[in-house]
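Below is one structure; the comments refer to it alone.
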Amino acid sequence: MKSYALKEIAQWQKEVSNQDTKISLPSLQRGFVWKPNQIEALWDSIFRGYPIGAILMSEDEDENRFLLDGQQRCTSIALGHYNPFDNNAGKFLSLKDYKPSIWIDIAPNNYTEGQKFVFRCLTKSHPWGYQLKDNSVTLSMSNRRNALSFFKPLTESYLELSSKDISPWDAYFPIPLAYILEIETQSFVVFKNELIQKTSTLKIETQHSNKEFVDYTLLEKDEFEENIKNIFIGYCNYKNLSIPEITVNAKVLKEDDSDTNESQDPTLFVRLNSSGTRISGEELIYSVYKAKFPKIKDLVENIGSTYIAPSKIISLFSRLIICEQSNYMNYQKDISIQNFRKKIIESDFQEKLQAYIGVENQSKAKKIIENALSILTKNEPDFPPILLKLLILTNFDLFFVLLTYINKRGFETLSEVEKNEISSNYVYILWFNKDAKKIASSLFDLLLSESENRTWPNSIKILIKENLLVPIVEPILLRKQLDEIVIKNQIQFDHFDIIENKELFFSEIKDQLLYNILNKPVGCN
């Protein structure tokens with residue numbers, strides 16, 4: 001059985017021009033989805049000498065090799081070899097632009113729960129890393145501010161930071177893991193000397209270094225000998241570990257998906273996904289779609305801009321087409337993978353979905369979404385991006401109703417007065433409904449499936465009578481208050497990604513809205 005050293009995996013996982021064998025991801029594969037604590041746990045297993053499973057490969061008639069299972073582990077292994085200070089690190093198969101960096105704490109005063117080694121994975125949204133003791137918990141806001149002030153005091157947003165600008169904040173003697181993996185020796189003395197030499201170039205601070213650079217010269221002292229020996233043992237385990245390959249016939253990639261028996265898994269990919277990080281229904285639908293139409297991937301990723309994931313785009317417009325096929329008489333809930341497999345083999349559905357996705361710069365779906373965003377932002381150029389993200393993600397079904405309404409009515413037929421009414425009433429429905437799951441389908445029935453053309457304000461009245469909305473304040477006043485809260489508190493777009501409890505965040509904003517408006521109530525018209 002063929003097996004790979006971890007350094008070899010790191011090489012072929014990257015797009016290296018001088019590779020003898022090209023390793024590719026099949027089109028049905030999702031992107032890299034592992035969380036930082038999963039990456040850190042993998043490297044802890046490697047340094048402890050634990051087995052980390054096999055990888056599943058396929059080879060076609062042209063000797064092209066495909067990684068069917070093991071992408072998350074292989075990418076995490078490659079990231080461990082990535083030197084954040086190396087400008088020529090190459091591109092990763094499943095990572096577009098930003099590459100997380102992995103560090104290791106040589107001599108921590110504490111350890112991560114359940115792990116023997118302290119690895120720190122730094123990402124774009126968490127460039128300072130997570131807490132040392134519990135690596136699933138974010139740093140406090142004060143620690144993030146302190147880290148950011150050290151990383152780059154003049155940077156307005158931490159999203160602008162590159163990998164070479166950042167380092168773990170809750171750490172004691174951190175160094176890039178690549179520094180260790182680059183060493184080639186079986187001698188502890190040589191290992192220690194090279195390790196200390198590599199740390200001599202680092203000038204970083206941590207929350208434990210008392211606003212000074214970490215003093216790596218301390219590692220030369222005898223009291224740190226045991227720490228470095230433990231790292232050396234981990235390094236030796238890494239050098240001795242290999243991952244076996246299981247090879248399957250390439251025709252499994254072309255397996256016919258025409259079997260729509262709902263009791264069966266739709267593809268090999270679903271079965272491989274039965275362990276590890278589960279893929280969501282929307283992501284699986286997107287994977288099935290990419291498998292059938294591999295050239296469409298870049299187009300889909302361009303439709304939702306930074307607000308809507310590609311997997312949601314396919315789900316949204318699949319639902320929209322099903323509604324359209326029923327002449328908008330029935331509200332379509334989230335589509336299941338089984339239903340999507342049934343629909344995607346229908347030529348009419350296929351053609352409609354392809355027509356919505358379109359071709360470059362001619363996507364009907366992109367235009368509908370842009371029109372919806374222009375309504376929600378009221379075409380204001382300085383509209384806070386975080387507010388727009390909240391309006392979309394708080395209740396995605398409500399956003400689906402808005403897209404469907406625009407598609408049926410035609411954006412060009414809507415007057416400016418109607419657009420302003422939709423914008424204000426959308427916020428009212430979003431924040432003051434009594435049943436988030438039912439509100440979208442009820443609004444759909446009122447606006448789209450009824451024979452008469454109802455307006456959004458008229459629908460508000462009916463929803464209040466049906467006890468699905470709370471009669472608090474006139475929608476236009478509510479909208480103004482929400483805008484003011486976001487602007488006053490300077491809530492930024494990138495803050496959304498670090499909010500752990502988003503439901504609580506939404507609730508706090510709603511409480512502030514109520515506080516601002518309840519002293520001067522205005523009846524709904």
Side-chain angles (χ1 to χ4, degrees), residues 1-60 63-84 86 89-104 119 121-123 163 176-178 180-182 234 237-248 250 252-253 268-269 271-279 283 287 290:
M1 179 183 291
K2 184 176 177 59
S3 62
Y4 299 93
L6 301 191
K7 190 171 184 179
E8 186 178 2
I9 287 175
Q11 287 300 313
W12 57 248
Q13 165 70 358
K14 294 188 285 186
E15 294 178 340
V16 182
S17 59
N18 61 357
Q19 282 183 214
D20 293 331
T21 304
K22 176 69 174 176
I23 306 293
S24 302
L25 295 177
S27 59
L28 77 168
Q29 273 277 25
R30 56 181 162 173
F32 184 65
V33 298
W34 265 17
K35 297 178 181 178
N37 58 356
Q38 291 174 290
I39 299 172
E40 293 168 10
L42 176 72
W43 274 102
D44 182 68
S45 295
I46 291 170
F47 265 50
R48 294 168 85 164
Y50 291 174
I52 58 173
I55 58 175
L56 189 63
M57 286 279 200
S58 175
E59 184 173 282
D60 65 16
E63 298 186 352
N64 296 311
R65 297 178 63 74
F66 298 93
L67 176 63
L68 294 184
D69 186 44
Q71 178 206 158
Q72 309 299 321
R73 283 170 292 152
C74 291
T75 302
S76 300
I77 289 168
L79 287 173
H81 292 77
Y82 164 57
N83 183 343
D86 181 3
K91 295 181 180 180
F92 284 60
L93 287 177
S94 53
L95 295 172
K96 278 190 169 183
D97 300 312
Y98 192 91
K99 293 180 283 291
S101 58
I102 303 177
W103 295 57
I104 184 170
F119 291 95
C121 180
L122 311 183
T123 64
S163 296
L177 177 57
I180 291 176
L181 306 187
E182 290 168 355
N237 288 332
Y238 149 80
K239 296 285 286 185
N240 294 328
L241 186 63
S242 62
I243 298 184
E245 174 195 304
I246 299 172
T247 306
V248 297
V252 299
L253 293 175
L268 170 67
F269 185 47
R271 299 185 183 185
L272 296 177
N273 184 59
S274 61
S275 60
T277 303
R278 294 278 316 170
I279 190 169
E283 289 174 321
S287 293
K290 286 190 294 181

Q | Short side-chain to backbone donor-acceptor contact, Arg48 and Asn237, under 3.5 Å | A | no
Q: Given side-chain contact (heavy atoms from CB on, under 4.5 Å), test Cys121 with Phe119 step by step and report yes or no.
A: CA-CA 7 Å; Cys121 180; Phe119 291 95; over 6 Å; no
Q: Measure across Leu181 and Gly80 and return the closest heavy-atom pair with its distance rounded to 0.1 Å.
A: CD1-O, 3.5 Å
(Q) Show, in sequence, the C-alpha distance, side-chain angles and deciding distance for Leu79 and Trp34, and conclude whether the side-chain contact (heavy atoms from CB on, under 4.5 Å) test is met. (A) CA-CA 12 Å; Leu79 287 173; Trp34 265 17; over 6 Å; no
Q. Which heavy atom in Tyr82 sits nearest to a heavy atom in Pro100, and how many Å separate them?
A. CD2-O, 3.5 Å
Q | Minimal non-hydrogen separation, Pro244 against Gly53, with atom names | A | CD-O, 3.8 Å
Q. Rounded to the nearest 0.5 Å, what separation is found between the SG atom of Cys74 and the CG atom of Leu6?
A. 9.0 Å
Q: Drop me the distance from Phe66's CZ to Thr247's OG1, to the nearest 0.5 angstrom.
A: 13.5 Å
Q) If you measure from CD on Gln71 to CD1 on Ile55, what distance do you get to the nearest 0.5 Å? A) 12.0 Å
Q: Drop me the distance from Ile9's CD1 to Thr75's OG1, to the nearest 0.5 angstrom.
A: 10.5 Å
Q.
Which heavy atom of Val33 sits nearest to which heavy atom of Gln38, and what is that distance?
A. O-OE1, 4.4 Å
Q) Relative to the ring of Trp43, is the ring of Tyr238 parallel (under 30°), tilted (30 to 60°) or perpendicular (over 60°)? A) tilted
Q) For Glu8 and Ser3, which heavy atoms make the closest approach, and how far apart are they? A) OE1-O, 4.4 Å
Q: Starting at CD of Glu40, measure out to OG of Ser76 and round the result to the nearest 0.5 Å.
A: 10.5 Å
Q: May I ask you to test the Trp103-Pro176 pair for a side-chain heavy-atom distance under 4.5 Å?
A: yes
(Q) Tell me if a side-chain donor or acceptor on Glu245 pairs with a main-chain N or O of Lys2 at a distance below 3.5 Å. (A) no
Q: Mind checking the CG-OG spacing from Asp69 to Ser58? Nearest 0.5 Å is all I need.
A: 12.5 Å
Q. Would you call Ile52 and Ile77 a side-chain contact if the rule is heavy atoms closer than 4.5 Å?
A. yes
Q. Within a strict 4.5 Å, meaning less than it, do heavy atoms of the Leu42 and Arg73 side chains meet?
A. yes
